[in-house]
Every structure is written in structure tokens, then in C-alpha cells.
Asks: 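Okay, handing you the structure first.
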There are 4 protein chains.
Amino acid sequence: MKKIVLLAMGMVSVLVAQAQNEQVKQNPQSSEIWTPVPPVITPGVPGPTATGTTAPSDAIVLFDGRNTDQWVAIKGYAPSAWENTNEGPLKWPVTDGVMYSTKGFSARSKQEFNDFQLHIEFKTPEKVEGTGQGRGNSGIFLQGRYELQVLDNYDNPTYVNGMVGSIYKQAIPLANPSRKPGEWQTYDIIYTAPHFNKNGLMTQPAHVTVLLNGVLVQNHTAIKGTTEYIGYPRVQPHGKGPILLQDHGNPVGFRNIWVREL
Amino acid sequence: MKKIVLLAMGMVSVLVAQAQNEQVKQNPQSSEIWTPVPPVITPGVPGPTATGTTAPSDAIVLFDGRNTDQWVAIKGYAPSAWENTNEGPLKWPVTDGVMYSTKGFSARSKQEFNDFQLHIEFKTPEKVEGTGQGRGNSGIFLQGRYELQVLDNYDNPTYVNGMVGSIYKQAIPLANPSRKPGEWQTYDIIYTAPHFNKNGLMTQPAHVTVLLNGVLVQNHTAIKGTTEYIGYPRVQPHGKGPILLQDHGNPVGFRNIWVREL
Amino acid sequence: MKKIVLLAMGMVSVLVAQAQNEQVKQNPQSSEIWTPVPPVITPGVPGPTATGTTAPSDAIVLFDGRNTDQWVAIKGYAPSAWENTNEGPLKWPVTDGVMYSTKGFSARSKQEFNDFQLHIEFKTPEKVEGTGQGRGNSGIFLQGRYELQVLDNYDNPTYVNGMVGSIYKQAIPLANPSRKPGEWQTYDIIYTAPHFNKNGLMTQPAHVTVLLNGVLVQNHTAIKGTTEYIGYPRVQPHGKGPILLQDHGNPVGFRNIWVREL
Amino acid sequence: MKKIVLLAMGMVSVLVAQAQNEQVKQNPQSSEIWTPVPPVITPGVPGPTATGTTAPSDAIVLFDGRNTDQWVAIKGYAPSAWENTNEGPLKWPVTDGVMYSTKGFSARSKQEFNDFQLHIEFKTPEKVEGTGQGRGNSGIFLQGRYELQVLDNYDNPTYVNGMVGSIYKQAIPLANPSRKPGEWQTYDIIYTAPHFNKNGLMTQPAHVTVLLNGVLVQNHTAIKGTTEYIGYPRVQPHGKGPILLQDHGNPVGFRNIWVREL
């Protein structure tokens with residue numbers, strides 16, 4: 001509580017200073033939406049009929065369970081962080097074919113992409129700690145800018161535009177098909193890049209379709225701009241971009257990551 | 001300045017109180033974006049070749065220059081205002097075939113629509129007063145919820161997601177083809193309504209294409225939710241909705257308003 | 001060859017007769033496109049990490065391996081066929097949890113749907129017979145009108161808008177991730193229904209996104225009209241529609257069919 | 001009639017030859033659709049409130065009423081024709097600020113475009129001759145490949161996917177707001193180019209929105225491929241493309257042509 005008071009006190013001077021040019025900052029809670037709440041769904045279970053799990057022959061494998069050679073480390077967890085830093089080889093531990101996010105560094109793929117299909121599997125810690133956004137939090141930044149949220153949302157309510165399956169602070173998922181903590185979950189993502197004109201304006205937004213554990217959570221959703229923890233989506237022209245895996249302080253495991261350029 | 005300090009001081013207690021449930025309010029400036037800036041364009045001028053101005057034969061005429069019979073008055077200017085009030089007949093003055101927005105009451109069409117094409121002409125006051133959002137401000141709320149901004153933006157910078165031609169606080173226009181204060185300007189709007197499922201979730205956003213003075217300013221733009229002066233777009237299921245003309249304290253004139261249901 | 005000459009001779013009189021009212025019929029080959037050819041891709045293989053295979057908790061199971069109670073029989077294989085016939089209970093044989101298409105009757109789901117996510121698995125005969133469209137041919141008609149092609153396309157070229165993964169005679173797939181004859185293959189389909197106005201005109205086309213064996217083959221593809229074997233897509237207003245499984249004379253097996261209404 | 005018999009006789013050998021590789025040709029009538037019929041609408045008339053007619057300040061003027069310097073002549077009227085020919089300066093007559101299509105040569109703009117807004121005005125001959133497609137026929141080929149039909153459709157029925165306002169043989173217009181023969185008509189066109197991948201496959205179709213005489217006739221319509229008089233739309237990768245004005249044997253007048261790159 002004390003921290004919040006101090007934060008708020010600090011905001012006073014910020015507000016005074018910035019109100020003059022009409023560019024006052026907001027706080028993180030400003031962009032949280034709490035309704036409508038997507039239905040909880042139990043996804044199907046793996047079985048002998050399962051298909052499509054390993055990489056197709058034309059895929060670029062970003063993690064095959066052995067090493068993190070396809071990634072570099074970047075400082076912090078904010079999307080803006082990756083732009084300016086390259087902390088060298090990613091040192092996330094790899095254990096039993098799984099790489100785990102580690103406090104302090106996020107992961108950025110060395111390769112960059114335009115339109116793509118991305119498959120990625122994740123598991124949040126089996127031992128449940130924290131609540132809301134504090135439980136099993138990570139994220140997948142498409143083209144390094146647009147976050148598809150990763151969160152332990154099993155029996156753990158949070159604002160709906162911050163749920164697993166959301167485009168963070170922009171688009172509520174159509175369902176919550178979360179598996180239990182410690183169980184493997186699957187994202188299948190279809191992404192088309194935005195287009196910008198010579199004036200730097202967006203003539204076509206990025207679009208994303210997402211299946212979480214085989215259940216549709218985003219259907220050709222238009223992405224309005226960059227993911228911002230505090231503030232509104234920004235329009236920033238860009239070309240190809242990397243896949244970024246966020247470290248948010250929780251050891252989230254990843255495996256079987258592959259991309260197909262479309 | 002004093003007012004802002006007080007406002008900010010007030011925010012401290014608000015922040016302290018609300019941080020506990022993570023639903024802190026933001027202020028209006030939080031959702032303003034200032035770049036990239038759309039190019040200023042001089043639109044074409046009327047001439048003997050002009051076509052399409054008056055209502056086509058299948059249009060519903062909402063204002064033909066004679067009276068405001070197609071409208072009711074609603075209190076205030078906020079989009080939420082119209083939902084609960086019906087102040088009876090709209091008493092905006094009609095002079096020389098023009099209806100003028102009057103302080104204190106906005107206008108809501110009696111008829112409601114789903115998908116439509118809307119033509120509307122407006123002029124901001126010839127005598128320039130105020131700056132930024134304070135000059136010639138009004139708005140057209142599509143289905144009563146999604147604001148296409150009306151503003152005197154001629155030689156009058158403001159945040160780009162609040163410019164004339166913007167979907168207010170959601171989508172920057174592709175250009176600024178404003179005419180001078182006091183000159184008639186034209187909006188041609190193509191709107192398709194959003195779809196919602198039984199869970200109240202949006203399965204398809206509204207889309208809007210807008211020509212301002214014959215120049216494209218929005219091209220099949222997805223609308224993410226309701227227009228909010230303070231805070232984020234909301235997802236609220238709805239059926240047909242009215243056209244709402246905002247009174248924002250500036251006497252903006254309107255004429256030649258017609259709708260075609262698509 | 002003789003048959004074709006006779007067919008062609010017959011066309012002469014047809015042409016002469018019909019040219020007068022400008023409504024001459026075409027033959028099936030008219031609507032075949034042969035380039036560009038989608039790349040052949042080996043899809044990933046099932047493994048212990050596979051997820052999402054069985055029905056999620058909110059799905060409607062159309063076939064669970066036991067019986068065909070969710071289906072009725074319809075005559076023939078043309079999409080127009082289903083509209084007028086209901087031949088009673090579907091008598092496709094069910095063996096070892098698989099239902100097999102049988103010559104002469106197609107299958108129509110009893111339930112009808114608007115927007116949906118559909119999961120379905122199929123296998124074409126292990127014993128290869130025929131070539132081109134004659135090998136392992138079936139089809140899945142979305143809302144009973146729009147055919148997603150089923151075909152043994154493994155090492156079996158055909159016109160590209162008739163390949164497995166195509167919207168038959170309308171949209172070329174992005175890839176050919178066919179498995180070998182006799183192997184199980186998986187379709188994950190996201191479908192949004194078209195919209196029509198009071199004039200019977202289409203104001204929004206159906207859209208479909210399709211993963212075949214986990215590989216994207218259609219990405220938010222607009223469907224222009226009904227699937228026609230001979231002739232062009234038609235615009236025919238409709239409401240909810242069934243899932244139809246085509247019998248094309250080849251014993252194609254189906255299993256694990258479920259639908260989620262979106 | 002004789003001509004048709006001969007044409008049909010010729011088709012016999014073509015059919016015999018081509019059936020062997022399943023690439024039989026169709027005739028022009030194959031791709032005509034006759035229902036549903038768009039409603040006839042009387043568009044609005046020009047008036048003192050008209051705006052947006054002349055070119056905005058950022059437009060590229062392709063015809064300002066004086067000369068045809070922005071165009072070259074190409075042989076014939078088929079879309080395929082323009083690709084291979086450049087017959088030098090366009091010699092369409094310019095009279096009273098109007099350029100008229102002349103039998104035998106179509107017009108191709110020297111400049112090429114990607115996404116654009118196009119304004120163009122046309123009038124079909126005041127003296128009515130011919131019926132159906134034979135009356136006041138011309139066309140505007142977007143990026144030289146996708147035809148927006150020009151036709152005297154006033155009290156002159158034809159197949160609905162060949163009407164004025166149609167994407168020829170692909171998309172029925174939403175309305176028929178034709179003016180009388182000899183009257184000026186206006187097209188306002190918003191076009192976004194298709195995208196192709198390294199395999200030559202279309203990852204995103206072209207989209208087009210069209211107002212005819214101020215009335216919406218196409219709303220973000222997906223274009224499936226090239227316009228073909230005989231046969232199906234083709235998928236052919238391309239970059240920037242020109243505006244092409246078709247000569248179809250009728251002296252159709254054009255004026256006030258401008259393009260804005262988006």
C-alpha cells in the first residue's frame with residue numbers, strides 16, 4: 001500500500017508537468033477491462049488420434065529441446081526493452097527438453113518474420129504462487145511488439161483483456177480453455193503483419209487467429225497497435241520482427257517452438 | 001495549473017483506494033496519441049460535375065433542412081448519456097436549412113440501424129474560438145456508441161486519434177482534408193455492425209470506411225469497442241442503434257443527412 | 001475418347017440453343033485451375049505433446065465412434081442434392097470407431113449451425129485406386145453449401161483449386177501437407193457465416209480458416225458463393241446450415257467429429 | 001447464329017484435344033449469373049452542397065480534360081492484351097474536356113500503383129444502341145487485371161455479375177444506381193492490392209470498395225483473381241499495376257480522373 005501511495009505521490013508531479021502539453025501518463029490499471037467474462041472450457045485431451053504436433057517439413061525450428069541457440073537475451077520484460085538491448089546468448093536453463101524463463105531476461109528470436117504460423121507449447125509452474133497477473137505470467141510478442149498473453153488462468157480470475165489467450169490489453173479471448181498448472185498447453189497462431197504507408201500511418205492492421213489447446217480464442221482479430229503495459233496502443237511502422245518470449249518473473253516452461261513463413 | 005494540481009492531488013486518494021481492486025480510473029489525456037501525424041490535404045472543390053449529393057431514392061432522410069422531427073433530445077454529450085434519457089423533441093434551432101448543436105443536449109435519431117451508408121454535411125463556426133478539442137467539436141456516434149469525430153481541425157493540431165476523421169481515441173485518420181471554418185464539409189460513411197455471441201463476446205468487430213470531403217480517412221477500420229472519453233473501449237452487446245449527433249458546446253451546423261440501410 | 005467426342009457434339013446443339021438467351025452451360029473442366037502449385041509439405045507427427053484432439057467440454061459431438069445417430073442420409077453427392085431429400089437414418093457402416101462413406105448416399109448432420117469451429121479426422125483408402133479426383137475423394141460442405149475438399153492428394157496431382165485443402169473450385173490451398181493413403185488426417189476449421197440483406201444480396205461473404213494436419217491451408221478466405229461442380233458460385237441467401245459429408249464413390253473414413261458454436 | 005454454330009463446331013476439336021489433360025475451355029456465357037437482381041435506385045442529384053469533385057491536393061491527375069499524355073494505347077479489350085503491347089501514345093479523341101474510348105485500342109496509365117483511391121467520371125452514349133452487354137460497355141481495370149464494369153445499365157438488364165458496379169464475373173453490385181444514357185456518372189473506388197508469397201500463392205486477396213453516383217455498390221469485396229471473359233479468375237503474382245480503361249466498341253466518355261496513393 002505504501003508503495004502505491006508513493007507511486008501516486010510521484011504521479012502528482014508528473015501530472016502537473018505533463019498536463020501542460022496534454023500528454024499525461026496513465027497507470028497500468030487504466031487499461032484493464034473486466035467484462036464480459038469468457039466461458040471456462042475444458043479442452044480435449046491428447047490421444048492416439050492426435051496429429052500435427054511436431055514441426056512440419058517447411059518449418060523453422062526455434063527450439064527443439066536441446067539448446068537456445070536461436071535466441072538472444074534482452075533486458076527486462078517490457079516490449080520496448082528488446083529494441084535497444086542485446087545481452088548476448090540467452091541463458092535460460094534447458095532441462096529435459098524444456099527452456100524456462102528466468103527473472104531479468106526475456107528471449108528474442110534471432111530470425112525475424114512477416115506473416116507466419118507459429119506453434120509453441122508452454123506450462124506454468126505446477127506449484128501455484130501468486131494471484132491474478134502474478135501467477136504463471138509470460139507472453140509471446142509477435143513481431144516483437146504485439147503480445148499474446150501467457151498466464152496461469154486456471155481458476156485464477158483477472159481482467160479479461162489480460163487473460164491467457166488475450167491480445168494483451170486489446171482483445172478479450174473467446175474462451176478460457178486453460179489446463180491445470182504444470183500441464184502442457186499449446187498455442188497455434190496465425191499472424192499477418194500490418195502495413196504502413198509513406199506517412200507512417202497504418203493502412204492495414206496486423207491480424208491474428210489463435211487456438212489455445214485446440215480451442216479458438218482469437219478469430220482474425222485486428223491488432224490496433226503496440227502492446228503497452230501503461231498507456232494506449234501505438235502505431236509504429238516496422239518491417240520484419242522477431243518472436244519474443246517474455247520473462248515476467250515466473251518460471252514458465254516452453255518447448256516445441258516452430259514457425260512457418262506464410 | 002492550480003486546477004490540475006488539485007485534480008492530481010485528488011487522484012492520489014483515488015489511486016490508493018482503487019489500487020486495491022485493480023480498477024483505477026484514468027484521466028482523459030491517457031488515451032491521446034500524438035504521432036504519426038496524418039498529412040494535410042486540400043480537398044477538391046465543388047463543381048458542375050459534382051454528383052451524389054442529395055439523397056438517393058432508397059435513403060431514409062434524417063434531416064432535409066426543414067425540421068428535427070426525426071430526432072429526440074438527450075442529456076449531455078457522453079455516449080453513455082443517451083442510453084437512459086429521452087428529453088423529448090430536439091430543440092436545436094433550424095435556420096436556413098441547417099440545424100445547429102446547442103449546449104446541453106445531443107441529438108438521437110428516432111430510427112435505429114444495423115449496417116448502413118450515412119451521408120452527412122457539417123460546418124464548424126466561421127468565427128474561430130478555442131484551440132485543440134475546444135474548436136468546432138461535435139461527433140457522430142454510429143449505432144449510438146462509436147464516435148466518428150467532428151472537429152475544426154483546420155490549422156488546429158490535436159492528438160491524432162482525436163482528429164476530425166478519427167474513430168475517437170481508437171483510429172487515426174489517413175489524412176486531414178479539412179476545409180476552413182465555416183465551410184461545408186461532407187462525410188460519407190459505410191458502417192457494418194459488430195456481432196456478439198451468446199456469451200456477450202464480440203465475434204466480429206464493427207467496421208467503418210469514411211470519406212471526408214471525398215478523401216479516404218478510414219478504410220475498413222475495425223472498431224474495438226465503445227468510445228470512451230476516459231478509459232478503454234468496452235465490449236457491450238447490442239442490436240440496432242441510432243445515429244447520435246453530439247453537442248460539445250460549439251454550435252456546429254448539420255444538413256443533408258440521409259441513411260441507406262445495407 | 002469417344003464419349004468425349006459425343007459430349008462435345010452434344011454441346012454444339014446446346015450452345016446453339018442457349019446462346020440465344022446467353023445462359024449456356026459449361027462443363028466441369030471449365031472451372032479447374034492448374035497453377036500456381038502449392039508446395040508439398042510433410043506435416044508433423046503425433047507425439048506425447050499432442051493436445052486438443054478430443055472434444056472440448058462445450059463441443060457438440062457429431063460422431064464419437066459409436067453410431068451415426070447425429071446424421072441423416074441424402075441422395076447423391078452434389079451440394080444441391082441435400083436440399084430436397086432426407087432418406088432417413090444414415091446407413092454408413094461404423095467399424096472400429098470409424099464411419100465410412102458409402103456409394104450413393106451422403107451424410108447431413110441433423111443439427112444446423114451459423115459460425116463454428118469444426119474438428120474432423122479422415123483417412124482415404126490405404127489401397128490406392130484411381131487418379132486425380134478419382135482417388136479418395138469426399139468433401140465437407142460447410143452450412144451444406146461450401147465444400148472443403150477431401151482427397152487423397154499424396155503424390156497425386158490434380159487441379160489446384162480442387163486439391164485437398166481447397167475450397168472446391170474457389171480457393172487454392174497454401175500448402176499440400178497430405179499424409180499417405182490410409183493414414184489419419186485432421187481438419188481444424190474456423191467458419192463464419194455469410195450475411196445477406198433484404199434484397200437477397202450478400203453483404204458479407206463467409207470466411208474460413210483451415211488447418212490440415214496442423215498446417216495452415218486457408219487463412220480467412222472469403223467464400224464467394226455455393227460450390228458448383230459445373231458452373232459458377234451462386235449467391236443464395238440462407239440461415240443456419242448443416243455439416244454435410246460427401247460420398248463420392250470412395251470409402252473415406254471419418255472419426256472424432258465435433259463442432260463448437262462460436 | 002451462324003457464327004455461334006461455327007464457334008461451337010470449333011469447340012468440338014478443342015474439347016477433344018483438351019479433355020485428355022482435363023483443361024477444356026469454357027465459353028463466355030458460362031460465367032454469367034442472373035440472380036439475385038440488385039435493386040434499381042435513383043441516385044441523388046448534383047447541387048450547391050456538392051463537394052469533393054475535383055482532385056485533392058495530393059492526387060495524381062490522370063486526365064484533366066486537356067490531353068491523354070498520362071496514357072498509352074494497347075491493343076484490344078481483353079485484360080491479357082495490355083501485358084504485351086504498347087502501341088504508343090493514346091489517340092482517343094479529346095473533346096470539350098472529355099476523352100472517348102475508340103474501337104480497337106484500350107488505354108493504359110503510364111503510372112502504376114499499389115493501394116489507391118481512384119475517382120473517375122464516365123458517360124455512356126446518349127443515343128442508345130444495342131442491348132445487354134452491347135450498350136455503353138467499357139471497364140476500369142484495377143492494377144490492369146481486375147475489372148470494375150462500366151455499362152449503360154439504365155433500363156437495360158444483363159447478368160448481375162456483369163452489371164455496372166460489378167467486379168466483372170466475380171461480384172454482384174449491391175444496387176443499380178445508374179443514371180440515364182448521356183448523363184455523367186461517378187465512380188469513387190478504394191482499392192488495396194493483393195499479396196503473394198514466394199510460392200506465387202495469394203496470401204491476401206485484393207479488396208475493393210466502390211461508390212457509384214454516391215451509392216455503395218461494393219463493400220470491401222475480396223477479389224479472387226484476374227478478370228476473365230472466358231474462364232475462371234486466375235492467381236498471378238504481380239507488383240504495382242496501371243489503371244486500364246477498356247475500349248469495348250462503344251464510345252464511352254471519361255473525365256476528371258485522379259488517383260491518390262494510400
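Below, each value reflects all heavy atoms present in this structure, side chains not excepted, and no hydrogens, waters or symmetry copies. Reminder, nothing fancy here: chain letters follow the sequence lines and each chain counts from 1.
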Asks: Going by the rule side chain to side chain donor-acceptor pair (under 3.5 Å), which residues pair with D155(D) if we only count those two or more places apart in sequence or in a different chain?
Replies: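 In terms of side chain to side chain donor-acceptor pair (under 3.5 Å), with neighbours along the sequence ignored, D155(D) is linked to no residue.
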Asks: Q149(D) and Q133(D): side-chain donor and acceptor closer than 3.5 Å?
Replies: yes
Asks: Pick one of side chain, backbone, both or neither for L212(D), based on which atoms fall under 4.5 Å of a heavy atom in chain B.
Replies: neither
Asks: Tell me whether the NZ or CZ atom of R255(B) lies within the 45° cone about the ring axis of W184(B) and under 6.0 Å from its centre.
Replies: yes
Asks: Can you tell me which portion of I190(D) sits under 4.5 Å from chain B's heavy atoms? Options are side chain, backbone, both or neither.
Replies: side chain
Asks: Side chain, backbone, both or neither: which part of L211(B) has an atom under 4.5 Å from a heavy atom of chain D?
Replies: side chain
Asks: Under the salt bridge (charged side-chain N to carboxylate O under 4.0 Å, His left out) rule, collect the residues that match up with D69(D), sequence neighbours excluded.
Replies: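 With sequence neighbours excluded, D69(D) shows a salt bridge (charged side-chain N to carboxylate O under 4.0 Å, His left out) to no residue whatsoever.
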